[in-house]
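Note sheet for the following structure.
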Amino acid sequence: MYLSTPSSDTLTSAARQAALKTTYPAPLLASFAPRLIAWQREHGRHDLPWQNTRDAYRIWLSEIMLQQTQVSTVIPYYARFLERFPTVEALANAPVDDVMALWAGLGYYTRARNLYRCAQVVAGQHGGQFPRTVEGLAELPGIGRSTAAAIASFAFGARETILDGNVKRVLARVFGVEGFPGEKRVENGMWTLAESLVPDAAATDADVSAYTQGLMDLGATLCTRGKPDCERCPFASDCVAKTTNRQRQLPASRPKKAVPTRRTWMLVLMDGDAVMLEKRPPSGIWGGLWSLPEAADEAALAARAEGFGADVASVSPLAPLAHTFTHFKLDIEPRIAELAELAEPGRKGRALVAQDADTAWVPLREIDAYGVPAPVRKLLDGLRGSLI
DNA sequence: AAATCGGGGCC
DNA sequence: GGCCCAGATTT
């Protein structure tokens, strides 16, 4: 049952549908589908390679590719896939490495693996036929509720609604749906609204296809995130966002949640005017950038300083700085140290420090030539100013 | 640099 | 069953 709109409170599905009419203008609800269909036929996209087919395999393949990549990128991949794997059986029987090789460049490789797994399930357990219902489709790997609805409506004329990011944006604007669509309550309301909008039983399969395609086309070509082309929109006269000039506010963006704070200690190890930078691991925060050696606490940083050849007694604090990421705030505790004197009088030595591909002595004036995280650069810029 | 995105997986 | 993530792109 998880595919049906999750019931909120005690309302039945019918009651929730009825409640929509008190929330949104009935004439808009009633005219939405015919207007969208008319617009799609006149101004929508009609020549995409996966249109004008009812082959569920082709539609599925396009939908999976389009989940993550824009149309212009998908087109050549789609063509190559179909040439190499004309049927779901051909895909299922291919070595997985062949599939991955053809996918290479599209990214999101777990979805390629799901694509392959899905093909094997369809070929092996469904006789090569994709399930015809949203429920059946959504049990397959890589197919969720929205993708299932896209396949069911395009391939089988099912009167089911999609609800992807584009559609959420269109609905939020046209109907003035408040709240962040990533929030369950808001999303559930959008599913109910979207379901109420699908063409009625009188609609032909072609109408259903035009409707679903229209939802996609409107969001992708007119009702875009940045600069919607309201002048060409068939709903401009009714659209809540347009008529109240809130295109930028709808849909509501993710609420800024209080982010956790992490704390890190950074070593500013100086040798004259040069500072030691370390290359960070390729993935994770500041992946691949050059930064200061780090440690999780004061003692660990002192140990690192000593390991590099600094006199621990010379390690002293600089002003802390904060940097905010999407997910968390980083408090940086910088500690500055100089290399200890070598036994040979009057010489400090870079030779003490292992020079490998992941460490570098960089004169402060040259750090711009390295990829250095913004807060670290700021810190070093300040240091440079004070040393001169 | 920040925001966004469907589905999967984790709890 | 709900929440958050992984992995990538667009703006």
Side-chain angles (χ1 to χ4, degrees), chain A residues 1-8 60-74 77 100 103-118 121 134-135 137-152 160-173 180-191 194 212 215-216 219-221 223-229 247-260 281-289 322-330 371-378:
Chain A
M1 273 302 281
Y2 74 97
L3 279 177
S4 65
T5 304
S7 57
S8 60
W60 162 73
L61 179 62
S62 73
E63 289 299 327
I64 299 301
M65 288 182 166
L66 289 165
Q67 276 174 5
Q68 58 216 38
T69 313
Q70 44 183 42
V71 165
S72 57
T73 306
V74 163
Y77 282 87
M100 300 309 291
W103 192 271
L106 274 179
Y108 301 95
Y109 296 96
T110 62
R111 304 208 176 175
R113 282 180 213 103
N114 282 147
L115 183 90
Y116 183 64
R117 284 175 53 212
C118 182
V121 172
V134 165
E135 291 83 355
L137 286 163
E139 287 180 11
L140 295 168
I143 301 180
R145 184 175 173 181
S146 186
T147 300
I151 299 168
E160 300 278 4
T161 190
I162 59 170
L163 187 66
D164 62 12
N166 280 337
V167 179
K168 286 174 180 171
R169 188 171 55 249
V170 169
L171 296 184
R173 284 177 173 162
F180 171 55
E183 189 188 322
K184 206 65 192 159
R185 224 189 68 254
V186 177
E187 191 186 2
N188 289 345
M190 284 190 166
W191 275 111
T212 302
L215 282 178
M216 295 175 169
T221 66
C223 197
T224 56
R225 186 157 72 98
K227 32 158 192 45
D229 191 355
Q247 292 96 326
R248 290 280 305 267
Q249 281 64 243
L250 292 170
S253 51
R254 173 184 298 274
K256 316 286 174 216
K257 59 177 178 185
V259 292
S283 64
I285 296 300
W286 298 331
L289 297 187
H323 185 71
T324 304
F325 294 89
T326 318
H327 307 83
F328 63 95
K329 184 165 157 262
L330 187 64
V372 176
V376 176
R377 174 169 309 195
K378 191 171 132 194

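Residue numbers start from 1 in every chain, and the chains themselves are labelled A, B, ... in the order their sequence lines are given, proteins ahead of strands.
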Give each protein N/O atom lying under 3.5 Å from an N/O atom of nucleotides 9-11 of chain C, with the pair distance.
| from | atom 1 | to | atom 2 | distance (Å) |
| --- | --- | --- | --- | --- |
| C:dT10 | OP1 | A:Q70 | OE1 | 2.9 |
| C:dT10 | OP1 | A:Q70 | NE2 | 3.0 |

Restricting to side chain to side chain contact (heavy atoms under 4.5 Å, CB included), what partner residues turn up for [X], sequence neighbours left out?
{"X": "A:Y77", "result": "A:M65, A:T73, A:R80, A:L106"}
{"X": "A:R185", "result": "A:E183"}
{"X": "A:A148", "result": "A:V134, A:L137, A:A138, A:I143"}
{"X": "A:E63", "result": "A:I59, A:T147, A:A150, A:I151, A:F154, A:M216"}

Just the rounded figure in Å: distance from [atom2] of [N] to [atom1] of [X].
{"X": "A:Q67", "N": "C:dG7", "atom1": "CD", "atom2": "P", "result": "16 Å"}
{"X": "A:L115", "N": "B:dG7", "atom1": "CG", "atom2": "P", "result": "14 Å"}
{"X": "A:I162", "N": "B:dG7", "atom1": "CD1", "atom2": "C1'", "result": "16 Å"}
{"X": "A:R169", "N": "B:dA3", "atom1": "CZ", "atom2": "P", "result": "16 Å"}
{"X": "A:K168", "N": "B:dC5", "atom1": "NZ", "atom2": "P", "result": "8 Å"}
{"X": "A:E183", "N": "C:dC4", "atom1": "CD", "atom2": "C1'", "result": "15 Å"}
{"X": "A:N188", "N": "C:dG2", "atom1": "CG", "atom2": "P", "result": "8 Å"}
{"X": "A:E187", "N": "B:dC5", "atom1": "CD", "atom2": "P", "result": "11 Å"}

Side chain proximity check, A:N114 to A:I64, heavy atoms < 4.5 angstrom:
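No. Closest side-chain heavy atoms not under 4.5 Å.
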What I'd like to find out is whether the side chain of A:Y108 reaches to under 4.5 Å of the side chain of A:Q67, using heavy atoms alone.
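With C-beta onward as the side chain, the pair stays apart.
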For B:dG7 and A:T147 - does any side-chain N or O of the residue sit under 4.0 Å from the phosphate oxygens OP1/OP2?
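Yes, within the criterion.
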side-chain contact (heavy atoms from CB on, under 4.5 Å) partner of A:V170, the single match among A:P251, A:C223, A:P228
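Of the listed options, the one satisfying the test is A:C223.
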Check whether any side-chain N or O of A:S146 sits under 3.5 Å from a backbone N or O of A:L163 as a donor-acceptor pair, and report yes or no.
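Yes, A:S146 side chain to A:L163 backbone: donor-acceptor pair under 3.5 Å.
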Taking the minimum atom-to-atom distance to the side chain of A:K184, which one of C:dC3, C:dA8, B:dG7 wins?
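Side chain of A:K184 sits closest to C:dC3.
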Restricting both atoms to N or O, compile the protein contacts to nucleotides 8-11 of chain B shorter than 3.5 Å, with distance only.
| from | atom 1 | to | atom 2 | distance (Å) |
| --- | --- | --- | --- | --- |
| B:dG8 | OP1 | A:G142 | N | 2.2 |

Roughly how far, to the nearest 0.5 Å, is OG1 of A:T110 from CG of A:L115?
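Atom-to-atom, A:L115:CG and A:T110:OG1 are 11.0 Å apart.
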